[in-house]
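So the structure is just underneath, and the comments pick up after that.
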Amino acid sequence: MQGLIIIIKPSSSKLSSSLVVVVAAMMLLLGLAGVAHGGGRRRLVVSSNEDEPCRRMTVYYHDILYSGNNTANATSAAVTRPAAALSTSRWANGTYFGLLVVFDDLVTEEQALASEPVARAQGFYFYDRKEALNAWMAFSLVFDSAAYRGTLNLMGADLMAEETRDLSVVGGTGDFFMSRGVATLSTKAIEGAVYFRLKMDIKLYECYV
C-alpha cells in the first residue's frame with residue numbers, strides 16, 4: 001500500500017499496544033482480501049513439453065460482418081476503407097488491403113452457430129497485405145460462465161493462405177491469470193464476405209492454478 005504513513009508516538013505502552021493490534025488487524029484483513037481474489041494461493045505451472053500443455057481447450061469463433069441489411073445478427077463491422085487508389089486496384093482481387101474490422105463475436109463449444117456459447121471474442125482485425133489475403137488480429141476471449149470466468153488475450157498474424165496458423169496467447173485474467181500459450185486457427189466455413197467460422201485449438205504452457 002503506497003502513500004500511507006503510520007506514525008506511532010510512544011506516549012504510553014498501553015496506547016502503543018492498541019495501535020499495534022489495530023495495524024495487525026488491518027494487515028490481516030488485507031491479506032484475507034488477497035486470498036479471496038486468488039492472489040495468495042496461486043502457483044505457476046510451466047509445461048516442459050510442447051505436447052503437454054498445462055491447459056487445453058477447443059472452441060469455435062463465428063464472425064458475421066455487417067452487410068447493410070443484417071443489423072439484427074451482425075457481430076462485426078468494417079470501420080475503415082483503403083485509399084482510393086488501392087481500393088480500385090486491390091479490392092477487385094479480394095485482398096481487402098487496408099480494411100479494419102471491429103468485432104464482438106460469439107465463441108461456441110461446438111461448430112454450430114446455435115451451439116452452447118462459451119465466450120465472446122472482442123477486438124479487431126485488419127487486412128495488411130496487398131498481394132494476398134492476409135490479416136492481423138488482436139482480441140480478448142471474454143469468459144463468463146459456470147466453467148470459466150476471466151479473459152484470454154490473443155494477438156498475431158492470421159496467415160489465411162495456410163491451413164493452420166498460430167496466434168500468441170499473451171496473457172489473461174481471472175481463471176486464466178497471466179496465462180501464456182498458442183492458439184492454432186483453422187478455417188471451417190466461409191459464406192461469401194459476410195460469415196466465417198474458425199476453429200481455435202488453445203494450448204496454454206504457463207498457467208497459474
Side-chain angles (χ1 to χ4, degrees), residues 1-2 29-64 75-77 100-128 134-189 196-209:
M1 182 181 298
Q2 297 180 346
L29 288 173
L30 288 171
L32 290 175
V35 170
H37 288 280
R41 296 183 181 273
R42 296 182 187 270
R43 63 184 178 87
L44 175 62
V45 176
V46 180
S47 300
S48 59
N49 189 326
E50 182 179 348
D51 297 325
E52 297 178 1
C54 53
R55 180 175 285 176
R56 182 171 185 170
M57 68 177 71
T58 298
V59 294
Y60 295 86
Y61 162 111
H62 305 266
D63 185 87
I64 306 173
T75 59
S76 65
L100 171 66
V101 176
V102 175
F103 59 84
D104 176 16
D105 287 337
L106 182 66
V107 177
T108 61
E109 187 173 5
E110 305 294 338
Q111 291 201 48
L113 181 59
S115 62
E116 185 70 19
V118 295
R120 303 292 300 191
Q122 298 173 333
F124 65 88
Y125 58 87
F126 58 87
Y127 294 94
D128 60 352
N134 192 78
W136 195 92
M137 310 180 76
F139 63 96
S140 295
L141 291 176
V142 182
F143 295 85
D144 186 9
S145 67
Y148 297 112
R149 297 197 65 170
T151 65
L152 275 177
N153 302 314
L154 295 82
M155 61 186 296
D158 183 8
L159 307 176
M160 300 170 69
E162 303 291 332
E163 184 175 350
T164 62
R165 53 271 190 197
D166 293 331
L167 298 184
S168 299
V169 179
V170 297
T173 65
D175 291 334
F176 305 99
F177 174 76
M178 294 293 288
S179 294
R180 292 173 62 86
V182 173
T184 300
L185 309 183
S186 56
T187 304
K188 293 301 178 182
F196 66 84
R197 179 174 70 244
L198 300 178
K199 178 183 178 181
M200 295 195 296
D201 185 15
I202 301 170
K203 293 172 283 188
L204 303 179
Y205 295 98
E206 291 185 15
C207 309
Y208 280 83
V209 297

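Remember, it's a predicted structure, so these values are computed and weren't measured experimentally.
- At a threshold of 4.5 Å between non-hydrogen side-chain atoms, the residues K199 and T187 do not count as touching.
- For the residue pair H62 / T75, no side-chain donor-acceptor distance below 3.5 Å is found, with atom types taken as modelled.
- Note that CZ of F196 and CE of M160 are 6.5 Å apart. Values are rounded to the nearest 0.5 Å.
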Would you list the atom pairs, donor with acceptor, under 3.5 Å between side chains in residues 151-158 and any protein atom, with sequence neighbours excluded?
{"unit_1": "T151", "atom_1": "OG1", "unit_2": "T173", "atom_2": "OG1", "d": "2.8"}
{"unit_1": "N153", "atom_1": "OD1", "unit_2": "S140", "atom_2": "OG", "d": "2.6"}
{"unit_1": "D158", "atom_1": "OD1", "unit_2": "R165", "atom_2": "NE", "d": "2.5"}
{"unit_1": "D158", "atom_1": "OD1", "unit_2": "R165", "atom_2": "NH2", "d": "3.4"}

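- To the nearest 0.5 angstrom, L141 atom CG is 8.0 Å from M57 atom CE.
- We find that D104 and R120 are joined by a salt bridge, their nearest charged nitrogen and carboxylate oxygen being less than 4.0 Å apart.
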Contacts under 3.5 angstrom, residues 43-53 side chains, donor-acceptor by atom type, not counting sequence neighbours:
{"unit_1": "S47", "atom_1": "OG", "unit_2": "E52", "atom_2": "O", "d": "3.0"}
{"unit_1": "S47", "atom_1": "OG", "unit_2": "C54", "atom_2": "N", "d": "2.9"}
{"unit_1": "N49", "atom_1": "OD1", "unit_2": "D51", "atom_2": "N", "d": "2.8"}

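- Annotation: the span from D166 atom CG to M200 atom CE amounts to 13.0 Å, rounded to 0.5 Å.
- How far OG1 of T108 is from CG of L113: 7.0 Å, rounded to the nearest 0.5 Å.
- Using bins of under 30°, 30° to 60° and over 60° for the plane-to-plane angle, the ring pair Y125/Y127 lands in the perpendicular bin.
- Of the charged side-chain nitrogens involved, at least one lies within less than 4.0 Å of a carboxylate oxygen, so that D201 and R56 count as a salt-bridged pair.
- Taking the six-membered ring wherever Trp is involved, the centroid distance between the rings of F139 and F103 falls below 6.0 Å.
- Of the possible polar contacts, one joining the S76 side chain to the I64 backbone as a donor-acceptor pair under 3.5 Å is found.
- Atom CD of E109 is surrounded by 12 or fewer heavy atoms from other residues, nucleotides or ligands within 6.0 Å.
- Contact check for E110 versus E116: no side-chain heavy atoms found under the 4.5 Å cut-off.
- Note: R197 CZ to Y61 OH = 13.5 Å, rounded to the nearest 0.5 Å.
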Donor-acceptor pairs under 3.5 angstrom involving side-chain atoms of residues 174-183: please list them, not counting sequence neighbours.
{"unit_1": "D175", "atom_1": "OD2", "unit_2": "R149", "atom_2": "N", "d": "2.7"}
{"unit_1": "S179", "atom_1": "OG", "unit_2": "F176", "atom_2": "O", "d": "3.0"}

